[in-house]
Amino acid sequence: MQIYMAVNKILKGMIDNFKKDFLLEDMELSKAYEYFSNYLLVSKLHPDAFSDVGDLHRVVVDEKSQFGLDAIAFIVNGNLVVSKEDISCYAKSKTLDVQIIFIQTKTEEKCDTGDLLKTIQATKNFLMDFDAVTEKNENILNAKEIYDALFEYDNYRYCSGKSPACYIYYVTAAKEWDESLVDSLCRDNEKNMLSSISDIKSFDIRVFGSQYMIGAYNEIENNAEVQVYLKNCITLDKINDVQEVYIGYLTGDEYLKIITNKEGELRRRIFYENVRDYQGPENAVNAEIRKTIEDDRQRDKFVLLNNGVTIITKSVVPLGGNMYELRNFQVVNGCQTSNEIYNARKYAKDLLVPVKIIYTTDADLITSIVRATNRQSPVPEEAFVALERYHKELQMLIDQYSKDMPLEIFYERRSGEQDTISNKLGKYQKITLHGLIRAITSVYFQDAHVVYNNNPANILRNRKDKLFCKEHNLESYYIASYLFVEFVYLQQKHVLNRKDYSLRFYIMMIVRSLVVKSVVVPELSSKEIQKQNADLIKCLKNEQIEKYYLTAKEIVGKAMEDYLKENADKNAMDARKSADFCKLVNKRTQDWITHNTK
């Protein structure tokens, strides 16, 4: 399975978890990716479609890779149909809401329009010319029986106005493609199929890449649902890109339903979109929140003293009697308040919690809401950078590499997040946004002097168009961080000393060059950087990296000596901040490589 390296590690980790959950450990990765795609795309329409591996096997229709489609699934009245007998059962309700899903998954890191057209043609063959289907195995014959049963008059007459709806999903491992070309091809074929197959009310042909699959997995995994009493909330008028907005308050007991699971444990996953993780009970603001909750004279004033919480949900179902069911929700602001209510939950029945519940699925709007709601507290501007998709993927990538690398590291995307991570050898294994900025600037941009001259927030502000670009290879940021963690680890082993620490960013910069035998850094979005980073990770994992640090120490030490001799009016700090010194270090590094590489 060949997947773009940065995504491969993330996807592989997700697929490994998926394989474990469904007892598919022996399945080869390429086939597992197909099952993974089937699981995610069907679950998006029916979250409870697959209760066990048997359900997954049932939708697979291309055993010999000859058909052009991997899976066919039928969702009727919100349920996965497994046989034609199911159709007559659902027809008894006199309403059939039908969704037919065709899925083809490719493991290449490109979107091949030829293969996409083959998938569309295979769908047409199934719907219009079944004799043209080359592989007639048990599952595809079962799918044809279900399809034929749906279109029998006694069943079809109960189809709702927009039903049946047909979805054709083509999945690749690509991150980007020519969207205008692919979209045009999809829309043209949708029109063609709609005119050719009048019994199907709508066609939706879509192409999904690796980023979508990563997001879909995270979304599916956060599948919590809760029923809450919203008597004390008002509904706002229509707002673009928003289905509903409820503003008001919940009793503490009702709010606990949202933030705790059936076992009474805090749903930590629902705070994923917060800028800050829980800062702990000793935090001054949290202590004040807790004091208000616990004070008999202040508790009834909590609704006045607290800014409240903002909840974004992707589904709100009215159940009647002011009861609503929320599904796939996140608390995007109010993590501290939520934790303190949980910690003092014995007082919850006497609390009124200000809430804003926003029902929307618009990703850009969600990001805007997170930014806006978190501005009520003093959060540095750069903290919002970590909310972007790139940083979420980077955090997942680092987590996956940490499973099999000598040193485990953790990217603290949100302030305080690391405090819940156990089994760390030391705090140096936590990489913050600031540490990441310093590491990438010195190691890959080879501007170690800039790190000594600027606060990381200023580096980010001045280089916002150069850092964390979506096309950048994620491994570059991981490696830069790892080289720093390795430096501190060697210092703890007394291989490097405190003096060396003052030159750490130069030493890290040199180590990368020594390992790849070149001071030249390819573009961070290039194929060359992918290969170079793969070699670097292999070295970091399997070789004695210590020798490179010791050589780097010698190179920068001698360069410092010579620089100060030639610049008698300068000191070591001046040297570290000097662009000329940085150039000298790179020149000495290349000289060493030239003379010592066979």
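Numbers here are sequence positions counted from 1.
Nearest approach of Leu467 to Phe445, heavy atoms of both residues: CD2-CE1, 3.7 Å. Scanning all heavy atoms of the two residues, the minimum distance from Val245 to Ile239 falls at CG2-CD1, 4.1 Å. Closest approach of Trp177 to Cys111, counting heavy atoms only: CB-CB, 3.7 Å. Nearest heavy-atom pair, Val443 versus Val521, reported as atom, atom and distance to 0.1 Å: O-CG2, 4.5 Å. Nearest heavy-atom pair across Ala448 and Cys582 is N-SG, 3.9 Å. Looking at every heavy atom in both residues, Lys175 comes nearest to Gln211 through CE-NE2, 3.7 Å.
Counting heavy atoms from C-beta on, the side chains of Thr432 and Leu436 never come closer than 4.5 Å. Using a 4.5 Å heavy-atom cutoff, the side chains of Leu524 and Cys469 are not in contact. Considering only heavy atoms from C-beta on, Tyr33 comes within 4.5 Å of Val171 through its side chain. The closest side-chain heavy-atom distance from Val353 to Val303 is not below 4.5 Å. The shortest distance between side-chain heavy atoms of Asn286 and Asn339 does not fall below 4.5 Å. Under the 4.5 Å side-chain criterion, counting only non-hydrogen atoms from C-beta, Leu460 is not in contact with Asn462. Using a 4.5 Å cut-off on side-chain heavy atoms (C-beta onward), Thr551 and Trp592 make contact. Inter-residue side-chain proximity for Met14 and Met396 is flagged as met; some heavy-atom pair is nearer than 4.5 Å.
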Problem set entry | Trace of the side chain to side chain contact (heavy atoms under 4.5 Å, CB included) decision for Thr292 with Arg299 | CA-CA 6 Å; Thr292 301; Arg299 193 175 303 129; over 6 Å; no

For this session: Output, in order, the C-alpha distance, side-chain angles, deciding distance and verdict of salt bridge (Lys or Arg N to Asp or Glu O under 4.0 Å) for Asp16 and Lys12.
Result: CA-CA 6 Å; Asp16 286 344; Lys12 186 177 183 302; 3.1 Å; yes

For this session: Apply ring pair (Phe, Tyr, Trp, His ring centres under 6.0 Å) to the pair Tyr401 and Tyr478, showing each step before the final yes or no.
Result: CA-CA 9 Å; Tyr401 272 117; Tyr478 168 70; 4.7 Å; yes

For this session: Decide yes or no on salt bridge (Lys or Arg N to Asp or Glu O under 4.0 Å) for Asp535 and Lys531, but give the supporting numbers first.
Result: CA-CA 6 Å; Asp535 293 338; Lys531 182 180 184 305; 3.4 Å; yes

Exercise. What do the steps show when you test Ser180 against Asp178 for side-chain hydrogen bond (donor to acceptor under 3.5 Å, both in side chains), and what is the final call?
Worked result: CA-CA 6 Å; Ser180 60; Asp178 187 337; 2.8 Å; yes

Problem set entry | Stepwise side chain to side chain contact (heavy atoms under 4.5 Å, CB included) test for Tyr390 and Leu474 | CA-CA 8 Å; Tyr390 192 93; Leu474 284 168; 3.2 Å; yes

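Side-chain atoms of Asn533 and Tyr444 include a donor-acceptor pair closer than 3.5 Å. In this model, no donor atom of one side chain and acceptor atom of the other lie less than 3.5 Å apart for Ser502 and Asp500. Donor-acceptor pairing under 3.5 Å is recorded for the side chains of Tyr255 and Ser338. Side chains of Tyr170 and Thr105: no donor on one and acceptor on the other come within 3.5 Å. Side-chain N/O atoms of Ser30 and Glu28 include a donor and acceptor closer than 3.5 Å.
Summarising the local packing, CD of Glu288 is surrounded by 12 or fewer heavy atoms from other residues, nucleotides or ligands at distances under 6.0 Å. For NZ of Lys466, the number of neighbouring non-hydrogen atoms (other residues, nucleotides, ligands) closer than 6.0 Å is 12 at most.
Applying the ring-ring contact (aromatic ring centres under 6.0 Å, His included) test to Phe36 and every residue at least two apart in sequence or in another chain returns Phe18, Tyr217. With sequence neighbours left out, Tyr359 forms a ring-ring contact (aromatic ring centres under 6.0 Å, His included) with no residue at all.
Of the possible polar contacts, none joining the Glu340 side chain to the Arg290 backbone as a donor-acceptor pair under 3.5 Å is found. Distance alone, capped at 3.5 Å, is enough to place a donor-acceptor pair between the Tyr549 side chain and the Leu483 backbone. Not one N or O on the side chain of Thr310 forms a donor-acceptor pair closer than 3.5 Å with the backbone of Lys356. For the pair Asp574 (side chain) and Asn571 (backbone), a donor-acceptor distance under 3.5 Å is present. Listed for the Asp295 side chain is no donor-acceptor partner under 3.5 Å among the backbone atoms of Lys291. Here the side chain of Asn567 pairs no donor or acceptor atom with the backbone of Asp569 at under 3.5 angstrom.
Among the candidates Lys577, Arg463, Arg438, the single residue satisfying the salt bridge (Lys or Arg N to Asp or Glu O under 4.0 Å) test with Asp447 is Arg463.
In this structure, the separation between CG on Leu181 and CD on Glu179 is 11.0 Å, given to the nearest 0.5 Å. The distance from the CD1 atom of Ile293 to the CZ atom of Phe302 is 4.5 Å, given to the nearest 0.5 Å. Summarising the geometry, atom CD belonging to Glu523 is positioned 12.5 Å from atom CG belonging to Asn473; distances are rounded to the nearest 0.5 Å. Here CG of Leu351 is found 13.0 Å from CZ of Arg345. Values are rounded to the nearest 0.5 Å. Within the model, atoms CD1 of Ile341 and CG of Leu266 stand 10.5 Å from one another, a figure rounded to the nearest 0.5 Å. In this structure, the separation between CD on Glu546 and CG on Leu496 is 8.0 Å, given to the nearest 0.5 Å.
Aromatic pair His391/Phe468: ring centres closer than 6.0 Å. In this structure, the ring of Tyr482 has its center no less than 6.0 angstrom from the ring center of Phe487.
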Identify all side-chain donor-acceptor contacts of residues 503-513 below 3.5 Å with residues at least two apart in sequence or on another chain.
{"residue": "Arg504", "atom": "NH1", "partner": "Tyr501", "partner atom": "O", "Å": "2.8"}
{"residue": "Tyr506", "atom": "OH", "partner": "Arg576", "partner atom": "O", "Å": "2.7"}
{"residue": "Arg512", "atom": "NH1", "partner": "Gln532", "partner atom": "OE1", "Å": "2.7"}
{"residue": "Arg512", "atom": "NH2", "partner": "Ser518", "partner atom": "O", "Å": "3.2"}
{"residue": "Arg512", "atom": "NH2", "partner": "Val519", "partner atom": "O", "Å": "3.4"}
{"residue": "Ser513", "atom": "OG", "partner": "Met509", "partner atom": "O", "Å": "3.4"}

